Protein chains: 2
Amino acid sequence: MTSVYIAIACGILAVIYGAITSGQLLKLSAGNERMQDIASAIQEGAKAYLGRQYTTIAVVGVIVAVVVAVTLSLTSAVGFVIGAVLSGVAGYIGMNISVRANVRTAEAARGSLQGGLTAAFRSGAVTGMLVAGLGLLAIAVFFWYLVEVAGYAPDARIIVEALTALAFGASLISIFARLGGGIFTKAADVGADLVGKVEAGIPEDDPRNPAVIADNVGDNVGDCAGMAADLFETYVVTLGVTMISIALLVQASSEELLRLMALPLIIGGVCIVTSIIGTYFVRLGRGESIMGALYKGFWASALLSIPAIYVATRYTLGDLDRTIGGAGFLDAAGDELTTSFDEIGETAPGVTGVSSASVDSFTGMDLFWCMLIGLAVTALIIWITEYYTGTKYRPVKSIARASETGHGTNVIQGLAISLEATALPTLVIVVAVVAAYQLAGIIGIAFAATSMLALAGMVVALDAYGPVTDNAGGIAEMAGLPDEVRHKTDALDAVGNTTKAVTKGYAIGSAGLAALVLFGAYTTDLDEYFPDLTVDFSLSNPYVIVGLLLGALLPYLFGAFGMTAVGRAAGAVVEEVREQFRLNPGIMEGTSRPNYGRTVDLVTRAAIKEMIVPSLLPVLSPIAVYFIITAVAGQANGFAALGAMLLGVIVSGLFVALSMTSGGGAWDNAKKYIEDGNYGGKGSEAHKAAVTGDTVGDPYKDTAGPAVNPMIKITNIVALLLLAALAGGQG
Amino acid sequence: MTSVYIAIACGILAVIYGAITSGQLLKLSAGNERMQDIASAIQEGAKAYLGRQYTTIAVVGVIVAVVVAVTLSLTSAVGFVIGAVLSGVAGYIGMNISVRANVRTAEAARGSLQGGLTAAFRSGAVTGMLVAGLGLLAIAVFFWYLVEVAGYAPDARIIVEALTALAFGASLISIFARLGGGIFTKAADVGADLVGKVEAGIPEDDPRNPAVIADNVGDNVGDCAGMAADLFETYVVTLGVTMISIALLVQASSEELLRLMALPLIIGGVCIVTSIIGTYFVRLGRGESIMGALYKGFWASALLSIPAIYVATRYTLGDLDRTIGGAGFLDAAGDELTTSFDEIGETAPGVTGVSSASVDSFTGMDLFWCMLIGLAVTALIIWITEYYTGTKYRPVKSIARASETGHGTNVIQGLAISLEATALPTLVIVVAVVAAYQLAGIIGIAFAATSMLALAGMVVALDAYGPVTDNAGGIAEMAGLPDEVRHKTDALDAVGNTTKAVTKGYAIGSAGLAALVLFGAYTTDLDEYFPDLTVDFSLSNPYVIVGLLLGALLPYLFGAFGMTAVGRAAGAVVEEVREQFRLNPGIMEGTSRPNYGRTVDLVTRAAIKEMIVPSLLPVLSPIAVYFIITAVAGQANGFAALGAMLLGVIVSGLFVALSMTSGGGAWDNAKKYIEDGNYGGKGSEAHKAAVTGDTVGDPYKDTAGPAVNPMIKITNIVALLLLAALAGGQG
């Protein structure tokens, strides 16, 4: 249990770091009155939106909490509420610091590039550490309470269910927050661009554009709050499912199980410490490379994490060469299984053909190697994402070059890059799965995913830095600060495009690893809840194919909803702004101030309306598939189709998400590359084509693509809870 | 065997129909001298391209034939050559009639819309009947020879291998033809548009554009020859794999097997007859609805096919209520299998967990119902495709409306529609799989796919009509025919966009059904060739997930290659045309004729160069995956990963192909909808945005999307042949 206490202490440390760093940030000058005016308009808009978003989600949340309490248990409902509330809190605090850091970054950038970088990155680091810290605290404290206070065995059914419900709470909030925030930010962004840049011919972030505040609000509620909720969810689900898998799969004494289940927590804890240390390495070198400065922070965290993880593993497990328990889906259930193929459909217990997926035992050293694999995957995904979205490499340059021949070729090349960008991350994930599985079976894959997420504090810091610099640029423009300030914030922002894409690739990559673990949990649960049912998960079972196809469909349908929602809401913004221009001609002349609040309000209503149906899609689809297939082909095939659906959604979602987020980032930076003076620079025909590509990439990378990650998780978790509910709930 | 003779007779009938109808077509007037001049330039270009393409493919083909002969058998090599040569012949003849019908359609459209429609549709019908007829003849005659002349048992190993090799030959050629033709047609189209419409400001098909002939050549070599080769391949693979599955899975007497294996052949035969009858129903009604006229032909064929299939089934199988054989992967192998989960990895024979995928028996009536399901799937896919790509419905209108706010929103809405368009076809396929499987197991699914393809003659006719009208429009423009002629050909062409999308949806839909059957063949083969190897195809096996992910990657990577190739080749066209304009200013003044041949030659070289690597991707990937995973995790997991790859490629390819082909069709028709006078009509800002969408959709719908279908097939067939080769070949 000491490891759990250490983890809790590290979680508290992250919160303290957040409080201290926030204090330092708030002490920075918030600039002149005009800047503060603008910043407070953004603050108000962001708070108003998040307030309404969370109110709406709360209604759904309360209903679901009651359903969980009734079908499962009160403990599970408590877990659900903890997950949901903390996911919301992570987003809210992230937004809150971000809307204060933006103006301070603009002001600091008047001084030096380093000043702007520090202000923006500190703000990101607060969000990052709170995401990791609150996530760790949520699981660790809940686990501590259930084991130490309530006295349950570490592998008790109720602990598995309660941790699953905790993950569900986090996922449910995060899908709404990711999608709602994503629709808000891109509807405002696309709408503002269309009516401002294209129709009225005024530059980006021109204060005469009534949608300009909404655009800046969007950065905070989408790229910051939505992203934070998403990564909080990813953190909680990954650590949670690792612990659940240990409880379900590993055959060992209670004491050994407790140690193993505490391991993901302490790993999360020590990596928070290394991440905090890493934040102090973010400094510009002589070359003034911003990406280089951010990388220094990441590499410091990653490299320090290697000995930290080793020591933590050694401390928790003791002798690293000692063989630990037996892991295996069937062994864990304690059954002696002998199933004849001729008896399928009869009473032979067990899940067909899963035992070869088990590894009987592993050592602490094996787990350490698996965690190094997770760190390597993180580093490789960052590198690959930078290659595909950075302005220095072939992909972005090829899109910029294609812009010379027009809008069409820009989009064609962007789509080609977005398709291509899926290849390397997939190969990295495949190699990681094979290597971790060879070392320690499913548990090995789970620990690889855990160590990936252990660096979440640092990765989120790199991401949350982006919207702050984006806002800072907007404020500099609107407040009429000198051009050089805008140049500095633009330079900071260009790197933000890459770091934003990185986090998305990282989240979806970890989902690729976690998917196998979640599926393992599903099959083991199935075996435990329905021991008399033989479920055939073989690819030869057509219901498995049906499940794979239906699962694969979800990201497409979800993407279609997201893209359509942005298009529709952006159209509404265009009409609203046109009306303001028409009713109040003084706006364009600069003599009259536009009604920013009305536009913010419009986007708020549109985003909240549009987020409901698509968010419910992954919640309700698994339930529908199970009941329909069960009605048609019996319960065993219902479970087979449902299980296959869980993998179908990752097999297709991985590609949809990777292609959308990388492609979108590449389009955005191709535009920036041209604005840097290549292929004719700003105002050229190539630039116009690149703006089109950027617009197309916007909902790709910031609405539809990133929401695929929580969608995958929620589909999986709903399936696990459905199993428990069908079995009647426990405790 | 009588049924086989009937099938052969019907195949010959199709060829005769083709000859007679070609004769009728050629008797039509080919217009004035100017028109004939243009048409002969197109003819020369198309012939030159196809000649070079087939020469290049022949080099690959000869190498592969030798490999097949050495690793398998001479008989298989003969099968490969037959498939390859006839696939080429189908494409070549289709192109040949199409380049003659184009000018005759333009001339006939001077008279009446009905005249133009008849000429274009007859040309399509020739291609359609030859595709179906040659496909049927290839399989039926080869099967007849092996059984009647060479005296093999219908389920002899050598027959299975030879039919697989036949399918391989057809697939290998068709992937080159589809991709090469697709790159040619879209490089020329996009290049011509960019440099003509956008840069020089001259209309589409303006004779001053040096790329205009290449554009028209492209319609013939891509949309006609490439498509014909693709559908030939789909036909041969679907019927072939149905026969192979019967041989492998059904436990029955030789006589009964022969009857069952002849059934797909006679079904193909009678549906050729109903398709030929259907072609005579294509007539404009009072409403002058072109789509309505084409639908009349399709519905006549489909409805006549119902009794025809019933009679053919009754004739071949006798009493339709008699229970036929036992079908089951394991039973077919004749083993008594009792596998304990604890023994996995040891010597228990068989493929883990496949037996629940077997249905023990079925009646002739069950098969009849399955074939009706296939017809229903065809009709539904046509209807869904029309909904998503027709100018009358929400999707196309929504793209047109989004064009009002610019290039970006046009592309966003088009992408949203392309994602959404995957949903209904997937649901149709899922329902069909479940229903056919409930009726008659895997064999039922195979027969549903067979009856889908039985209508190929009619469906290809609807498709091949498109490029003819497109060409006719181009010739009318270049020859300076009156505007009303161009209006008529444009009206014919708009429908062509939908029918072209229909065929692609149909081909990929049938691939969805065939995938399960191919996987069934794979597992059965595996069990037969490697009886001592236990392969775990359960989703719990990480190597299965690895295979699914790698398979899912293939369509993305392939799509990226295709899109990039078009972008690169189109860029080369732009530069070539710019140079012609620069060197010869008389071209733009209309005093000097551009060098059309040079542009055709450039596109030819580019397309052939670009097609090689992507086409080899699906051939080499399965082999690489098998050997790498075998090296890492043993042969059983190598086979598991390979098998999963086959399903991964369809699970992801289905969505990639459907979204690309439907989205591309919708973009194209949104442009046409605006050109019809909506949202400002031709020349408006909305029109410019719609042109961008159309350009983006071009390589989506005509290069990358349709080539996914042969890619899926070839991956599957290579896997089957790899199994046979590893087992040492037979005969």
Side-chain angles (χ1 to χ4, degrees), chain A residues 194 198 330 337-341 344 352-357 402 405-409 411-413 415-416 419-420 422-423 426 430 433-434 437 516 523 536-542 545-546 548-550 552-553 556-557 559-560 563-564 567 571 574 632 644 647 651-652 655 692 695-696 699, chain B residues 194 198 337-341 344-345 352-357 402 405-409 411-413 415-416 419-420 422-423 426 430 433-434 437 516 519 523 536-542 545-546 548-549 552-553 556-557 559-560 563-564 567 571 574 632 644 647 651-652 655 692 695-696 699:
Chain A
L194 288 174
V198 183
L330 302 178
L337 298 177
T338 314
T339 307
S340 150
F341 288 120
I344 297 271
T352 305
V354 297
S355 63
S356 72
T405 38
H407 302 263
T409 39
V411 177
I412 289 175
Q413 186 59 24
L415 287 172
L419 294 169
E420 184 193 311
T422 60
T426 305
V430 160
V433 164
V434 170
Y437 185 76
L516 254 168
T523 50
D536 176 13
F537 284 115
S538 163
L539 294 175
S540 309
N541 180 357
I545 307 300
V546 162
L548 284 173
L549 287 174
L550 292 175
L553 172 59
Y556 279 82
L557 208 48
M563 301 283 284
T564 310
V574 169
V632 173
L647 287 174
V651 165
S652 134
F655 294 94
T692 294
T695 309
V696 173
Chain B
L194 288 174
V198 182
L337 299 175
T338 313
T339 307
S340 149
F341 287 118
I344 296 272
T352 305
V354 295
S355 63
S356 72
T405 39
H407 302 264
T409 39
V411 177
I412 289 175
Q413 186 60 23
L415 287 172
L419 294 169
E420 186 194 309
T422 60
T426 305
V430 160
V433 164
V434 170
Y437 184 74
L516 256 167
F519 185 74
T523 52
D536 176 14
F537 284 115
S538 163
L539 294 175
S540 309
N541 180 357
I545 307 299
V546 162
L548 283 173
L549 287 174
L553 173 58
Y556 279 82
L557 209 49
M563 300 283 284
T564 311
V574 170
V632 173
L647 287 173
V651 165
S652 133
F655 294 94
T692 293
T695 309
V696 173

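Naming convention: chains lettered A, B, ... in sequence-line order (proteins, then strands); numbering from 1 in each chain. These numbers come from a predicted model, not from an experiment.
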Query raised in the report: Of all heavy-atom pairs between A:Val651 and B:Ala552, which one has the smallest distance, and what is that distance?
Result: CG1-CB, 3.6 Å
Report task. May I ask you to name which of B:Thr426, B:Thr564, B:Leu549 has the most heavy-atom pairs under 4.5 Å with chain A? Result -> B:Leu549
**Report entry** Closest non-hydrogen atom pair, B:Ala560 against A:Ala416
**Finding:** CB-O, 3.5 Å
Query raised in the report: Looking only at heavy atoms, which two atoms of A:Pro542 and B:Leu516 are closest? And how far apart?
Result: CB-CD1, 4.1 Å
Requested in this report: List for me each residue that meets side-chain contact (heavy atoms from CB on, under 4.5 Å) alongside A:Thr695, sequence neighbours excluded, and say none if there are none.
Outcome: A:Val190, A:Val691, B:Ile412
Report task. Using non-hydrogen atoms and a 4.5 Å limit, figure out which bit of A:Glu420 sits close to chain B: side chain, backbone, both or neither. Result -> both
Query - Contact origin within B:Val574 toward chain A - heavy atom pairs under 4.5 Å - result: side chain
Report summary line: Bottom line for B:Ala402: the part with an atom under 4.5 Å from chain A's heavy atoms is neither
**Report entry** For B:Val696 against A:Gly408, the heavy-atom pair lying closest together
**Finding:** CG2-O, 3.8 Å
Query raised in the report: Relative to chain A, which segment of B:Leu553 carries a heavy atom at a distance below 4.5 Å: side chain, backbone, both, or neither?
Result: both
Query raised in the report: Which atoms form the tightest heavy-atom contact between B:Leu419 and A:Gly559, and what is the distance?
Result: CD1-C, 3.6 Å
**Report entry** chain A contact via B:Val433 - side chain, backbone, both or neither, heavy atoms under 4.5 Å
**Finding:** side chain
Query raised in the report: Can you name the side chain to side chain donor-acceptor pair (under 3.5 Å) partners of A:Thr692, sequence neighbours left out?
Result: A:His407
Query - Best-contacting candidate, B:Ile545, B:Leu557, B:Thr409, against chain A by heavy atom pairs under 4.5 angstrom - result: B:Ile545
Requested in this report: Sort B:Leu548 into side chain, backbone, both or neither according to what part of it lies under 4.5 angstrom from a heavy atom of chain A.
Outcome: both
